Amino acid sequence: MNEVISKVNFGTDIHGLKNPIYFASVWGQGQSILYAWIIVPVIKIFGFSLFMFRLPMAILTLTAIIAIVCSLYLSSPNKALPFLVTLSLVTTPWFLVSGRWVLDANVSPIFVILGLINFYLSTLEHPIKTKYYFLVLSSVFIALSAYGYVASWIYLPFLIITMALTTILKKWLSKKEVILWGILIFILVLPLMVFAFRVNIQHTNKFSKFLIFDLPYLQANRVSSLISFKGSLFKNSLMNIFSGTKQILTGSDKLPQNSSLPYGAILPFMLIFAIIGSLGKKELFSKNEIKFRIIILESLFTFIPGLMIIKPNYNHWNFLWFPLAILTGFGLYIVFNSIGKVGKLILITIPILVFGTFTFNNYLGIGNQKTVFNASSGSFANTQNINSMMDKYYSNNNLYIENLSGNFPIFRLVQHPINDSQYLKVQNKNRRIPYKIISAPTNRYGYLRDINNIAKSRKGDLAMVYRQNLGTYSKPLSNKSEWKFIKNAYFNHYPVMFFQKK
């Protein structure tokens, strides 16, 4: 959000880069840029709000679901299949979870599935111009997905090569058409490949350019998201797959912003239908439906290298959920055709009821937490209230908070937008060191101060402490001759206590 606000107001990211190919981000660890490209025009037109920032993600998720259903509906002789695929998609918790809040990485699977749908449409009977239209769209969507999530850099080569070989062997398209598709993807991804080369191979430590794009360097990396490469790689990979499979089957990755036990990314009891849909006999489907299933199966199994080395959680393994949900619909179709009317009714009703229970339990409010998925994330509304209080009543005082480096970005978000040079002044720096990232502040930012430096506080300064952590800071704050309690509030959805120095 900070990067988007900076781009809308000043035409640069928070580090002053005009056309970044990737965000260096607040802490220098990097963030993908695809969603920012989508949302910047929206915010320019309608202004910033959480609703407007999230709306395109919801629309993209719905667009992907509609594209899947329509492509099947228009190419399948039996309309029960697209209906049951729809049932599977709209009762998959992951699409509601990821579609209502924005994590940059979760836009990438949407673009992959849109690329696959357009590729499938290009293999159907069309005039040659229409074929090329779908092929070009497919290459654009797949290429753009690489700008949405770093794990796609591992995934896409396997997916693209496998699909190209399958298409040529099965003669879905000519070699010329497949080569054109691959070349277009390569050209569109080239700037990102140059960036990846400079960061991961050359280990560059300064900003650079490629064509019109600004390439940051990264102070940190995402190695913590990968398995250990020490010891037995085979054993570590197997343990990683086992851990991720357990998360899927038990219905939670234990991250409250991602999942709610026992519903999972995809309802665990529905996975049996995904297996049935994957293994069902070809005779049960039309020629086009078989082709569609092959493409989806390949999109699922080509992520196996990712499963082996990327540590599991529902975001890290997000390329699984579209294929699994679609194959679940295929499995429902197979079972649907083999049971009676009562069985059909039960088959349709159960996933709807379970999904309804999930929605009711998790989105209708728990105390100050508007949803369980807000349990550990920052609260825009809470921070707005605190910032308004400081501006109105304590404009000449400092506020000491826990984990300044981690929490300052949400304060920056609710304050008047500032550009790169103003940000440096707020941090008491005269200028940016050429080509260097300025790390997130650890001790001060505007009126914010890290609570570990509370000994430097002055008369009138405030301290905000999570109620559950009060014992940690009880020694200085319990001194009633120096500090007085002034109010209770909430920050990041947790109760906090405010104290003021006398």
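Numbers for residues simply follow the sequence, beginning at 1. Everything numeric in this text was worked out from a predicted model, so none of it was measured.
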**Student:** Check whether any side-chain N or O of Ser299 sits under 3.5 Å from a backbone N or O of Ile296 as a donor-acceptor pair, and report yes or no.
**Tutor:** yes

**Student:** Where do Asn106 and Asn315 land on the side-chain hydrogen bond (donor to acceptor under 3.5 Å, both in side chains) test, with the steps shown first?
**Tutor:** CA-CA 7 Å; Asn106 287 340; Asn315 293 328; 3.2 Å; yes

**Student:** Is Arg54 close to Arg100 at the side-chain level, that is, under 4.5 Å between some pair of heavy atoms?
**Tutor:** yes

**Student:** Flag the pair Ile386 / Leu399 as yes when at least one side-chain heavy-atom distance between them is below 4.5 Å, and no otherwise.
**Tutor:** yes

**Student:** Quick one: are Arg467 and Asn488 in side-chain contact, heavy atoms under 4.5 Å?
**Tutor:** yes

**Student:** List the steps and the verdict of side-chain hydrogen bond (donor to acceptor under 3.5 Å, both in side chains) for Tyr490 and Asn385.
**Tutor:** CA-CA 9 Å; Tyr490 282 89; Asn385 292 337; over 6 Å; no

**Student:** I'd like to know if the side chain of Asn236 and the backbone of Ser228 have a donor-acceptor N/O pair within less than 3.5 Å.
**Tutor:** yes

**Student:** Under 30°, 30 to 60°, or over 60°: which ring-plane class applies to Tyr147 and Trp37, parallel, tilted or perpendicular?
**Tutor:** tilted

**Student:** Once rounded to the nearest 0.5 Å, what's the spacing between atom CZ of Phe408 and atom CG of Asp450?
**Tutor:** 12.5 Å

**Student:** Check for a donor-acceptor pair, side chain of His316 on one end and backbone N or O of Ile310 on the other, with a separation under 3.5 Å.
**Tutor:** no

**Student:** Testing the basics here: between Arg449 and Leu404, what is the closest heavy-atom pair and its distance to 0.1 Å?
**Tutor:** C-CD2, 4.3 Å

**Student:** Could you tell me which non-hydrogen atom of Leu332 sits nearest to which non-hydrogen atom of Ser88, and how far apart they are?
**Tutor:** CD1-CB, 4.2 Å

**Student:** Find the distance between CG (Asp253) and CG (Leu261) and round it off to the nearest 0.5 Å.
**Tutor:** 10.5 Å

**Student:** Say you draw a straight line from NZ of Lys7 to CD1 of Ile33; how long is it, rounded to the nearest 0.5 Å?
**Tutor:** 7.5 Å

**Student:** Indicate the ring-plane relationship of Tyr363 and Phe358, choosing parallel, tilted or perpendicular according to the 30° and 60° boundaries.
**Tutor:** perpendicular

**Student:** Tell me, do Met270 and Val354 make a side-chain contact under 4.5 Å, heavy atoms counted?
**Tutor:** no

**Student:** So for atom NZ, which belongs to Lys502, do other residues, nucleotides or ligands contribute more than 12 heavy atoms lying within a distance under 6.0 Å?
**Tutor:** yes

**Student:** Ring centroids only, cut at 6.0 angstrom: are Tyr22 and Phe213 within range, meaning strictly under it?
**Tutor:** no

**Student:** Identify the two heavy atoms, one from Ile14 and one from Asn2, that lie closest to each other, and give their separation to 0.1 Å.
**Tutor:** CG2-O, 3.7 Å

**Student:** Return yes when atom CE of Met52 has more than 12 non-hydrogen atoms of other residues, nucleotides or ligands closer than 6.0 Å, and no otherwise.
**Tutor:** yes

**Student:** Quick one: sort the Phe207 and Tyr217 rings into parallel, tilted or perpendicular, breaks at 30° and 60°.
**Tutor:** tilted

**Student:** Which distance, rounded to the nearest 0.5 Å, do you find between the OG of Ser98 and the CD of Gln257?
**Tutor:** 12.5 Å

**Student:** Within 45 degrees of the ring normal and closer than 6.0 Å to the centroid, is that where the cationic atom of Arg412 sits relative to Tyr423?
**Tutor:** yes

**Student:** Counting only heavy atoms not in Phe229, do more than 12 sit closer than 6.0 Å to its CZ atom?
**Tutor:** yes

**Student:** Between Ser405 and Thr442, does the side-chain hydrogen bond (donor to acceptor under 3.5 Å, both in side chains) criterion hold? Intermediate values first, please.
**Tutor:** CA-CA 5 Å; Ser405 179; Thr442 55; over 6 Å; no

**Student:** Check whether Asp214 reaches the backbone of Asn19 with its side chain - one donor and one acceptor, N or O, closer than 3.5 Å.
**Tutor:** yes

**Student:** Calculate, to the nearest 0.5 Å, the distance between atoms CG and CG belonging to Leu218 and Asn205 respectively.
**Tutor:** 11.5 Å

**Student:** Looking at the rings of Phe319 and Tyr149, which for Trp means the six-membered one, are their centres under 6.0 Å apart?
**Tutor:** yes

**Student:** Using the ring-ring contact (aromatic ring centres under 6.0 Å, His included) rule, take Tyr35 and Phe53 through it: C-alpha gap first, then chi angles, then the decisive distance, then the call.
**Tutor:** CA-CA 10 Å; Tyr35 192 73; Phe53 192 85; 5.7 Å; yes

**Student:** Atom NZ of residue position Lys209 - does it have more than 12 heavy atoms of other residues, nucleotides or ligands inside 6.0 Å?
**Tutor:** yes

**Student:** Indicate yes or no: at least one non-hydrogen side-chain atom of Thr328 is less than 4.5 angstrom from one of Leu267.
**Tutor:** no

**Student:** Going by heavy atoms in the side chains, are Phe195 and Thr204 under 4.5 Å from each other?
**Tutor:** no

**Student:** Specify the closest pair of heavy atoms between Ile38 and Pro56, including all atoms of both residues, with the distance to one decimal.
**Tutor:** CG2-CB, 4.2 Å

**Student:** Please examine the side chains of Phe273 and Leu347, heavy atoms only from C-beta on, and report whether any two atoms are closer than 4.5 Å.
**Tutor:** yes

**Student:** Please confirm whether the backbone N or O of Met57 pairs with a side-chain atom of Thr61, one donor and one acceptor, at under 3.5 Å?
**Tutor:** yes

**Student:** If you count every heavy atom of other residues, nucleotides or ligands that lies below 6.0 Å from Phe10 atom CZ, does the total exceed 12?
**Tutor:** yes

**Student:** With rounding to the nearest 0.5 Å, note down the distance linking OG1 in Thr302 to CG in Leu307.
**Tutor:** 10.0 Å

**Student:** Please give me the minimum heavy-atom distance between Ser379 and Asn492, naming the atom from each residue.
**Tutor:** N-OD1, 3.3 Å

**Student:** Just by modelled atom types, is the Lys501 backbone N or O under 3.5 Å from a matching donor or acceptor in the Asp461 side chain?
**Tutor:** no

**Student:** Could you go through the side chain to side chain contact (heavy atoms under 4.5 Å, CB included) check for Tyr394 and Ile486 one step at a time?
**Tutor:** CA-CA 13 Å; Tyr394 306 102; Ile486 57 172; 3.7 Å; yes

**Student:** On a heavy-atom basis, which atom in Ala196 and which in Trp153 lie closest, and how many Å separate them?
**Tutor:** CB-CZ3, 3.7 Å

**Student:** Looking at residues at least two apart in the chain, or sitting in another chain, which of them share a side-chain contact (heavy atoms from CB on, under 4.5 Å) with Thr383?
**Tutor:** Ile410, Phe411, Val414, Phe491

**Student:** Do we see a donor-acceptor contact under 3.5 Å between the side chains of Asn362 and Tyr263?
**Tutor:** no

**Student:** Would you indicate whether the side-chain heavy atoms of Ile110 and Thr63 approach each other to under 4.5 Å?
**Tutor:** no

**Student:** For Pro312, is there any backbone N or O sitting under 3.5 Å from a side-chain donor or acceptor partner on Gln247?
**Tutor:** yes

**Student:** Using the ring of each side chain (for Trp, its six-membered ring), is Phe322 parallel, tilted or perpendicular to Phe95, with breaks at 30° and 60°?
**Tutor:** tilted

**Student:** Is it true that a side-chain atom of Gln500 and a backbone atom of Lys484 form a donor plus acceptor pair closer than 3.5 Å?
**Tutor:** no

